[in-house]
Colleague: 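Sharing a structure, written as C-alpha coordinates. Questions coming.
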Amino acid sequence: MDLSLVEKAATLLIKSRYAVALTGAGISTESGIPDFRSPGGIWERYDPSVFYYQRFLAEPAFVWKTIIEMGNDTGFSLFTAEPNKGHEALATLEDMGILKSVITQNIDNLHQKAGSRRVIEFHGNMLYVKCIKCARKYTYEEVLDRLDMDNLPPRCECGGVLKPDAVFFGEAIPQMAMTEAFSEANMCDLMLVVGTSAQVEPAASLPSMAKGQRSMLSGMADLFFPKEKAYVIEINKESTSLTDVVSDFLIKGAAGEVLSRIVERIKELKGI
Ligand code: NAD
(Lines give C-alpha, C1' and ligand atoms only; values in the text may rest on other atoms or scores of the structure.)
Protein backbone atom coordinates (compact mmCIF):
# COMPACT_ATOMS: atom_id res chain seq x y z
CA MET A 1 0.00 0.00 0.00
CA ASP A 2 1.33 3.45 -0.90
CA LEU A 3 1.39 5.33 2.42
CA SER A 4 1.85 8.70 0.73
CA LEU A 5 -1.56 8.17 -0.91
CA VAL A 6 -3.06 7.16 2.45
CA GLU A 7 -1.73 10.47 3.81
CA LYS A 8 -3.21 12.35 0.86
CA ALA A 9 -6.61 10.68 1.28
CA ALA A 10 -6.65 11.39 5.04
CA THR A 11 -5.83 15.07 4.45
CA LEU A 12 -8.45 15.47 1.72
CA LEU A 13 -11.10 13.77 3.86
CA ILE A 14 -10.39 16.12 6.78
CA LYS A 15 -10.66 19.13 4.46
CA SER A 16 -13.79 17.88 2.71
CA ARG A 17 -17.16 19.50 3.23
CA TYR A 18 -19.36 16.64 2.02
CA ALA A 19 -17.68 13.27 1.53
CA VAL A 20 -19.57 10.16 0.42
CA ALA A 21 -18.57 6.58 -0.35
CA LEU A 22 -19.63 4.30 -3.19
CA THR A 23 -18.99 0.66 -2.37
CA GLY A 24 -19.11 -2.59 -4.31
CA ALA A 25 -18.70 -6.29 -3.73
CA GLY A 26 -14.92 -5.88 -3.11
CA ILE A 27 -15.48 -4.33 0.33
CA SER A 28 -17.22 -7.52 1.47
CA THR A 29 -14.72 -10.11 0.17
CA GLU A 30 -12.78 -9.75 3.44
CA SER A 31 -16.02 -10.85 5.18
CA GLY A 32 -15.95 -14.07 3.14
CA ILE A 33 -18.51 -13.08 0.49
CA PRO A 34 -17.01 -13.50 -2.98
CA ASP A 35 -17.44 -10.72 -5.52
CA PHE A 36 -18.76 -11.35 -9.02
CA ARG A 37 -15.75 -10.89 -11.27
CA SER A 38 -12.54 -11.67 -9.34
CA PRO A 39 -10.96 -15.14 -9.70
CA GLY A 40 -13.02 -17.51 -7.53
CA GLY A 41 -15.91 -15.03 -7.75
CA ILE A 42 -19.59 -15.89 -8.07
CA TRP A 43 -19.53 -15.93 -11.89
CA GLU A 44 -17.10 -18.87 -11.77
CA ARG A 45 -19.63 -20.91 -9.79
CA TYR A 46 -23.01 -19.76 -11.06
CA ASP A 47 -24.48 -18.80 -14.40
CA PRO A 48 -25.08 -15.02 -14.44
CA SER A 49 -28.26 -15.46 -16.48
CA VAL A 50 -29.96 -16.80 -13.34
CA PHE A 51 -29.94 -13.23 -12.07
CA TYR A 52 -31.76 -11.67 -15.00
CA TYR A 53 -35.16 -10.31 -14.10
CA GLN A 54 -36.78 -11.73 -17.23
CA ARG A 55 -35.45 -15.19 -16.33
CA PHE A 56 -36.92 -14.83 -12.84
CA LEU A 57 -40.31 -13.98 -14.29
CA ALA A 58 -40.12 -16.92 -16.70
CA GLU A 59 -38.68 -19.54 -14.30
CA PRO A 60 -39.12 -18.37 -10.69
CA ALA A 61 -38.93 -21.91 -9.26
CA PHE A 62 -35.57 -22.61 -10.94
CA VAL A 63 -34.13 -19.24 -9.84
CA TRP A 64 -35.30 -19.79 -6.24
CA LYS A 65 -33.71 -23.28 -6.23
CA THR A 66 -30.38 -21.78 -7.34
CA ILE A 67 -30.55 -19.01 -4.73
CA ILE A 68 -31.28 -21.50 -1.95
CA GLU A 69 -28.37 -23.62 -3.16
CA MET A 70 -26.14 -20.52 -2.98
CA GLY A 71 -27.34 -19.84 0.56
CA ASN A 72 -26.47 -23.41 1.54
CA ASP A 73 -23.04 -23.15 -0.06
CA THR A 74 -20.93 -23.21 3.08
CA GLY A 75 -18.19 -21.29 1.26
CA PHE A 76 -20.18 -18.09 1.65
CA SER A 77 -23.35 -17.05 3.28
CA LEU A 78 -24.86 -13.61 3.19
CA PHE A 79 -26.76 -14.45 6.33
CA THR A 80 -23.89 -15.31 8.64
CA ALA A 81 -21.26 -12.88 7.29
CA GLU A 82 -19.91 -10.23 9.65
CA PRO A 83 -18.66 -6.75 8.73
CA ASN A 84 -14.89 -6.31 8.38
CA LYS A 85 -12.43 -3.48 9.04
CA GLY A 86 -13.49 -1.73 5.82
CA HIS A 87 -17.17 -1.50 6.77
CA GLU A 88 -16.16 -0.46 10.30
CA ALA A 89 -13.83 2.27 9.03
CA LEU A 90 -16.64 3.81 6.94
CA ALA A 91 -18.97 3.73 9.97
CA THR A 92 -16.24 5.49 12.01
CA LEU A 93 -15.82 8.16 9.32
CA GLU A 94 -19.57 8.81 9.54
CA ASP A 95 -19.38 9.01 13.35
CA MET A 96 -16.58 11.58 12.96
CA GLY A 97 -18.93 13.70 10.82
CA ILE A 98 -16.69 13.33 7.76
CA LEU A 99 -18.67 10.83 5.68
CA LYS A 100 -22.25 11.83 4.96
CA SER A 101 -23.50 8.64 3.32
CA VAL A 102 -22.58 5.26 1.88
CA ILE A 103 -24.07 4.41 -1.50
CA THR A 104 -23.70 0.66 -1.80
CA GLN A 105 -24.22 -1.74 -4.66
CA ASN A 106 -24.03 -4.54 -2.12
CA ILE A 107 -27.04 -6.48 -0.99
CA ASP A 108 -25.51 -7.97 2.15
CA ASN A 109 -26.57 -5.52 4.89
CA LEU A 110 -22.98 -5.35 6.22
CA HIS A 111 -22.69 -1.54 6.26
CA GLN A 112 -25.76 -1.35 8.51
CA LYS A 113 -24.39 -4.18 10.67
CA ALA A 114 -21.13 -2.23 11.06
CA GLY A 115 -23.04 0.83 12.31
CA SER A 116 -23.31 3.03 9.21
CA ARG A 117 -26.54 4.99 9.55
CA ARG A 118 -27.05 6.58 6.15
CA VAL A 119 -26.82 3.71 3.70
CA ILE A 120 -28.34 4.06 0.23
CA GLU A 121 -28.96 0.57 -1.12
CA PHE A 122 -28.70 0.95 -4.86
CA HIS A 123 -29.34 -2.73 -5.60
CA GLY A 124 -31.69 -3.62 -2.76
CA ASN A 125 -31.07 -6.03 0.10
CA MET A 126 -30.98 -9.80 -0.16
CA LEU A 127 -32.12 -10.19 3.44
CA TYR A 128 -35.62 -9.22 2.36
CA VAL A 129 -38.13 -10.74 -0.04
CA LYS A 130 -40.88 -8.84 -1.84
CA CYS A 131 -44.14 -9.84 -3.52
CA ILE A 132 -44.06 -8.92 -7.20
CA LYS A 133 -47.85 -8.45 -7.14
CA CYS A 134 -48.67 -6.43 -3.99
CA ALA A 135 -45.11 -5.33 -2.95
CA ARG A 136 -45.51 -6.71 0.59
CA LYS A 137 -42.10 -7.31 2.20
CA TYR A 138 -41.02 -10.29 4.32
CA THR A 139 -37.64 -11.13 5.82
CA TYR A 140 -35.74 -13.80 3.90
CA GLU A 141 -35.57 -15.85 7.11
CA GLU A 142 -39.36 -15.77 7.51
CA VAL A 143 -39.75 -17.10 3.98
CA LEU A 144 -37.02 -19.74 4.43
CA ASP A 145 -38.76 -21.02 7.59
CA ARG A 146 -41.92 -21.90 5.70
CA LEU A 147 -40.26 -22.84 2.42
CA ASP A 148 -41.54 -25.95 0.65
CA MET A 149 -38.87 -27.14 -1.80
CA ASP A 150 -41.48 -29.19 -3.69
CA ASN A 151 -43.63 -26.14 -4.14
CA LEU A 152 -41.43 -23.32 -5.38
CA PRO A 153 -41.56 -20.35 -5.81
CA PRO A 154 -42.69 -19.19 -2.37
CA ARG A 155 -45.81 -17.05 -2.52
CA CYS A 156 -47.22 -14.07 -0.70
CA GLU A 157 -50.48 -14.30 1.24
CA CYS A 158 -52.07 -12.52 -1.75
CA GLY A 159 -50.94 -15.38 -4.02
CA GLY A 160 -48.24 -13.33 -5.81
CA VAL A 161 -44.76 -14.73 -6.43
CA LEU A 162 -42.12 -13.67 -3.90
CA LYS A 163 -38.78 -12.41 -5.18
CA PRO A 164 -35.57 -11.63 -3.25
CA ASP A 165 -35.49 -7.85 -2.77
CA ALA A 166 -32.17 -7.49 -4.58
CA VAL A 167 -32.17 -5.81 -7.98
CA PHE A 168 -31.73 -8.36 -10.77
CA PHE A 169 -30.11 -7.52 -14.10
CA GLY A 170 -32.61 -5.69 -16.27
CA GLU A 171 -34.72 -4.68 -13.28
CA ALA A 172 -35.28 -1.03 -12.34
CA ILE A 173 -33.22 0.51 -9.54
CA PRO A 174 -35.51 1.49 -6.62
CA GLN A 175 -36.59 5.06 -7.40
CA MET A 176 -35.81 6.47 -3.95
CA ALA A 177 -32.28 4.99 -3.92
CA MET A 178 -31.62 6.31 -7.42
CA THR A 179 -32.77 9.84 -6.56
CA GLU A 180 -30.79 9.92 -3.32
CA ALA A 181 -27.62 8.49 -4.88
CA PHE A 182 -27.69 10.99 -7.76
CA SER A 183 -28.23 13.81 -5.32
CA GLU A 184 -25.30 12.64 -3.15
CA ALA A 185 -23.04 12.37 -6.22
CA ASN A 186 -24.02 15.90 -7.23
CA MET A 187 -23.59 17.31 -3.75
CA CYS A 188 -20.31 15.71 -2.69
CA ASP A 189 -16.87 17.27 -2.89
CA LEU A 190 -15.15 13.92 -2.30
CA MET A 191 -16.18 10.40 -3.24
CA LEU A 192 -14.43 7.26 -1.99
CA VAL A 193 -14.98 4.48 -4.53
CA VAL A 194 -14.29 1.20 -2.78
CA GLY A 195 -14.14 -2.33 -4.21
CA THR A 196 -16.16 -1.89 -7.35
CA SER A 197 -15.19 -2.83 -10.90
CA ALA A 198 -17.53 -0.04 -12.08
CA GLN A 199 -19.02 -2.20 -14.78
CA VAL A 200 -22.63 -2.17 -13.66
CA GLU A 201 -24.67 0.86 -14.75
CA PRO A 202 -26.04 3.21 -13.60
CA ALA A 203 -23.96 2.89 -10.39
CA ALA A 204 -20.78 3.00 -12.48
CA SER A 205 -21.58 6.55 -13.57
CA LEU A 206 -21.86 7.98 -10.06
CA PRO A 207 -18.11 8.80 -9.84
CA SER A 208 -18.31 10.69 -13.17
CA MET A 209 -21.30 12.58 -11.85
CA ALA A 210 -19.29 13.45 -8.74
CA LYS A 211 -16.55 14.75 -11.05
CA GLY A 212 -19.09 16.96 -12.75
CA GLN A 213 -18.79 15.16 -16.07
CA ARG A 214 -22.08 15.66 -17.82
CA SER A 215 -23.94 12.48 -18.56
CA MET A 216 -27.36 11.35 -19.69
CA LEU A 217 -27.98 10.51 -16.05
CA SER A 218 -27.52 14.00 -14.69
CA GLY A 219 -30.00 15.32 -17.23
CA MET A 220 -30.38 19.09 -17.53
CA ALA A 221 -29.78 19.91 -13.87
CA ASP A 222 -26.05 20.52 -14.28
CA LEU A 223 -26.65 23.07 -17.02
CA PHE A 224 -28.30 25.28 -14.44
CA PHE A 225 -26.34 24.28 -11.35
CA PRO A 226 -22.77 23.62 -12.52
CA LYS A 227 -21.22 21.04 -10.28
CA GLU A 228 -18.17 21.75 -8.17
CA LYS A 229 -15.70 19.01 -9.14
CA ALA A 230 -15.24 16.44 -6.41
CA TYR A 231 -12.13 14.42 -5.62
CA VAL A 232 -12.65 10.77 -6.54
CA ILE A 233 -10.42 8.40 -4.61
CA GLU A 234 -10.47 4.74 -5.58
CA ILE A 235 -9.57 1.92 -3.21
CA ASN A 236 -9.27 -1.38 -5.02
CA LYS A 237 -6.96 -4.37 -5.36
CA GLU A 238 -6.81 -3.72 -9.12
CA SER A 239 -7.14 -0.77 -11.44
CA THR A 240 -10.54 -0.32 -13.09
CA SER A 241 -12.05 1.60 -16.00
CA LEU A 242 -12.26 4.61 -13.66
CA THR A 243 -8.55 4.59 -12.84
CA ASP A 244 -6.66 7.54 -14.41
CA VAL A 245 -9.83 8.48 -16.30
CA VAL A 246 -12.28 9.51 -13.60
CA SER A 247 -10.50 8.92 -10.31
CA ASP A 248 -7.80 11.31 -9.06
CA PHE A 249 -5.82 8.41 -7.67
CA LEU A 250 -6.08 4.75 -6.78
CA ILE A 251 -4.87 3.34 -3.47
CA LYS A 252 -4.10 -0.22 -4.42
CA GLY A 253 -4.77 -2.74 -1.66
CA ALA A 254 -7.36 -4.58 0.36
CA ALA A 255 -10.22 -2.27 1.35
CA GLY A 256 -10.12 -3.22 5.04
CA GLU A 257 -6.40 -2.48 5.34
CA VAL A 258 -6.47 0.76 3.37
CA LEU A 259 -9.58 2.22 5.00
CA SER A 260 -8.46 1.43 8.53
CA ARG A 261 -5.05 3.05 7.82
CA ILE A 262 -6.83 6.16 6.55
CA VAL A 263 -8.99 6.35 9.69
CA GLU A 264 -5.93 5.84 11.95
CA ARG A 265 -4.12 8.67 10.16
CA ILE A 266 -7.13 10.99 10.42
CA LYS A 267 -7.27 10.34 14.16
CA GLU A 268 -3.55 11.13 14.46
CA LEU A 269 -3.86 14.32 12.43
CA LYS A 270 -6.88 15.46 14.47
CA GLY A 271 -5.25 14.40 17.74
CA ILE A 272 -8.10 12.07 18.78
P1 NAD B 1 -17.42 -6.83 -9.07
O2 NAD B 1 -17.37 -8.26 -8.70
O3 NAD B 1 -17.71 -6.50 -10.47
O4 NAD B 1 -15.99 -6.15 -8.72
C5 NAD B 1 -15.38 -6.26 -7.46
C6 NAD B 1 -14.23 -5.29 -7.40
O7 NAD B 1 -13.69 -5.31 -6.10
C8 NAD B 1 -13.09 -5.63 -8.36
O9 NAD B 1 -12.66 -4.43 -8.99
C10 NAD B 1 -11.98 -6.19 -7.44
O11 NAD B 1 -10.68 -5.88 -7.90
C12 NAD B 1 -12.29 -5.46 -6.15
N13 NAD B 1 -11.89 -6.17 -4.93
C14 NAD B 1 -12.07 -7.46 -4.60
N15 NAD B 1 -11.66 -7.71 -3.36
C16 NAD B 1 -11.21 -6.52 -2.86
C17 NAD B 1 -10.67 -6.11 -1.62
N18 NAD B 1 -10.51 -6.95 -0.60
N19 NAD B 1 -10.31 -4.82 -1.47
C20 NAD B 1 -10.46 -3.92 -2.48
N21 NAD B 1 -10.96 -4.26 -3.68
C22 NAD B 1 -11.35 -5.53 -3.87
O23 NAD B 1 -18.45 -6.12 -8.08
P24 NAD B 1 -19.25 -4.74 -8.19
O25 NAD B 1 -18.45 -3.73 -8.92
O26 NAD B 1 -19.79 -4.44 -6.86
O27 NAD B 1 -20.50 -4.96 -9.16
C28 NAD B 1 -21.21 -6.09 -9.35
C29 NAD B 1 -22.50 -6.30 -8.57
O30 NAD B 1 -22.17 -7.27 -7.65
C31 NAD B 1 -23.11 -5.27 -7.72
O32 NAD B 1 -24.26 -4.84 -8.30
C33 NAD B 1 -23.53 -6.01 -6.42
O34 NAD B 1 -24.93 -5.92 -6.26
C35 NAD B 1 -23.22 -7.42 -6.69
N36 NAD B 1 -22.62 -8.24 -5.63
C37 NAD B 1 -22.79 -7.92 -4.32
C38 NAD B 1 -22.20 -8.71 -3.35
C39 NAD B 1 -22.41 -8.35 -1.91
O40 NAD B 1 -23.46 -7.81 -1.57
N41 NAD B 1 -21.44 -8.59 -1.05
C42 NAD B 1 -21.42 -9.81 -3.70
C43 NAD B 1 -21.27 -10.10 -5.07
C44 NAD B 1 -21.88 -9.30 -6.03
Side-chain angles (χ1 to χ4, degrees), residues 1-2 5-6 9 21-48 50-53 66-67 70-71 73 75-90 102-114 116 119-128 140 164-174 177-178 181 192-207 233-243 245-247 250-262:
M1 177 191 333
D2 184 335
L5 293 180
V6 169
L22 169 67
T23 65
I27 196 169
S28 293
T29 55
E30 291 159 73
S31 293
I33 304 172
D35 61 16
F36 275 168
R37 295 178 179 79
S38 294
I42 291 174
W43 290 162
E44 279 185 9
R45 311 186 204 187
Y46 293 93
D47 173 5
V50 171
F51 300 99
Y52 279 81
Y53 188 52
T66 311
I67 289 168
M70 283 174 76
D73 183 341
F76 63 101
S77 173
L78 285 177
F79 309 105
T80 54
E82 289 296 329
N84 63 56
K85 288 191 293 182
H87 301 101
E88 284 159 10
L90 292 182
V102 177
I103 305 161
T104 190
Q105 299 168 79
N106 294 345
I107 50 172
D108 57 22
N109 211 44
L110 291 184
H111 286 299
Q112 291 92 328
K113 236 178 167 177
S116 285
V119 182
I120 300 165
E121 290 179 318
F122 210 70
H123 290 162
N125 187 325
M126 193 69 184
L127 271 65
Y128 294 90
Y140 191 89
D165 200 19
V167 175
F168 281 34
F169 294 113
E171 189 177 4
I173 306 294
M178 183 108 123
L192 292 174
V193 180
V194 187
T196 175
S197 63
Q199 287 187 42
V200 181
E201 289 290 1
S205 289
L206 291 169
I233 303 173
E234 253 189 307
I235 299 170
N236 200 306
K237 280 187 162 171
E238 308 290 341
S239 44
T240 72
S241 57
L242 300 175
T243 314
V245 180
V246 177
S247 51
L250 160 72
I251 310 182
K252 224 173 188 176
E257 294 297 314
V258 175
L259 283 168
S260 49
R261 289 300 279 270
I262 291 174

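In listed order, ligands and their atoms are each counted from 1.
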Colleague: Do we see a donor-acceptor contact under 3.5 Å between the side chains of Asp165 and Asn125?
Modeller: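 There is no such pair between these side chains.
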Colleague: Backbone or side chain, does any N or O of His123 fall under 3.5 Å from an N or O of ligand 1?
Modeller: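 His123 vs ligand 1: N/O contact under 3.5 Å present.
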Colleague: Is the shortest N/O to N/O distance between Ile107 and ligand 1 below 3.5 Å?
Modeller: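 Such a contact does occur with ligand 1.
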Colleague: So which protein heavy atom does atom 41 (N) of ligand 1 come closest to, and at what separation?
Modeller: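 Ranking protein heavy atoms by distance from atom 41 (N) of ligand 1, first comes Asp108 OD2, 2.8 Å.
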Colleague: Please find the pair of heavy atoms, one from Gly170 and one from Tyr53, that lie closest to each other, and give the distance.
Modeller: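 Result for this residue pair: C-CB, 4.2 Å.
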Colleague: Do ligand 1 and Ala255 have nitrogen or oxygen atoms that lie under 3.5 Å from each other?
Modeller: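 Yes: some nitrogen or oxygen of Ala255 is under 3.5 Å from one in ligand 1.
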Colleague: Could you check atom 15 (N) of ligand 1 against the protein and tell me its nearest heavy-atom contact, residue, atom and distance included?
Modeller: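 Among all protein heavy atoms, the one nearest atom 15 (N) of ligand 1 is Thr29 OG1, 3.0 Å.
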Colleague: Should Phe36 be counted as touching ligand 1, given the test is an N or O pair under 3.5 Å?
Modeller: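 There is such a contact, yes.
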Colleague: Can you tell me which portion of Pro34 lies within the under-4.0 Å heavy-atom range of ligand 1? Options are side chain, backbone, both, or neither.
Modeller: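 Backbone only; the side chain of Pro34 stays clear of ligand 1.
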Colleague: Can you find an N/O atom of Ile235 closer than 3.5 Å to an N/O atom of ligand 1?
Modeller: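 Min N/O separation from ligand 1 is not below 3.5 Å for Ile235.
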Colleague: At a 4.0 Å threshold, what atoms of ligand 1 neighbour a non-hydrogen atom of Gly24?
Modeller: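 Near Gly24, the atoms of ligand 1 are 26 (O).
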Colleague: Just to confirm my output: which protein heavy-atom neighbour is closest to atom 22 (C) of ligand 1, and how far is it?
Modeller: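 Of the protein heavy atoms, Gly26 CA, 3.7 Å lies nearest.
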Colleague: Say whether Gly195, considering both its backbone and side-chain N or O atoms, lies within less than 3.5 Å of an N or O atom on ligand 1.
Modeller: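 Yes.
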Colleague: Which atoms of ligand 1 have any heavy atom of Ala254 under 4.0 Å away?
Modeller: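 Ligand 1 atoms under the 4.0 Å threshold to Ala254: 19 (N).
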Colleague: Looking at atom 11 (O) of ligand 1, what's its closest protein heavy atom, distance included?
Modeller: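 Among all protein heavy atoms, the one nearest atom 11 (O) of ligand 1 is Asn236 OD1, 2.7 Å.
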Colleague: Should one rank Lys237, Glu238, Lys252 by closest heavy-atom distance to atom 21 (N) of ligand 1, which comes out on top?
Modeller: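 It is Lys237 that holds the nearest heavy atom.
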Colleague: To the nearest 0.5 Å, tell me how far Leu22 CG sits from Glu234 CD.
Modeller: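 So the CG of Leu22 and the CD of Glu234 are separated by 10.0 Å.
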Colleague: Write down the atom of His87, the atom of Ile27, and the distance for their closest heavy-atom approach.
Modeller: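 What the structure gives for the nearest pair is CE1-O, 3.5 Å.
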Colleague: Nearest heavy-atom pair of Ser31 and Asn84: which atoms, and what distance?
Modeller: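 So the two residues come closest at OG-ND2, 3.0 Å.
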Colleague: Do the non-hydrogen side-chain atoms of Glu121 and Thr104 ever get within less than 4.5 Å of each other?
Modeller: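 Glu121 vs Thr104: side chains touch.
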Colleague: Looking at atom 5 (C) of ligand 1, what's its closest protein heavy atom, distance included?
Modeller: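 Answer for atom 5 (C) of ligand 1: Asp35 OD2, 3.4 Å.
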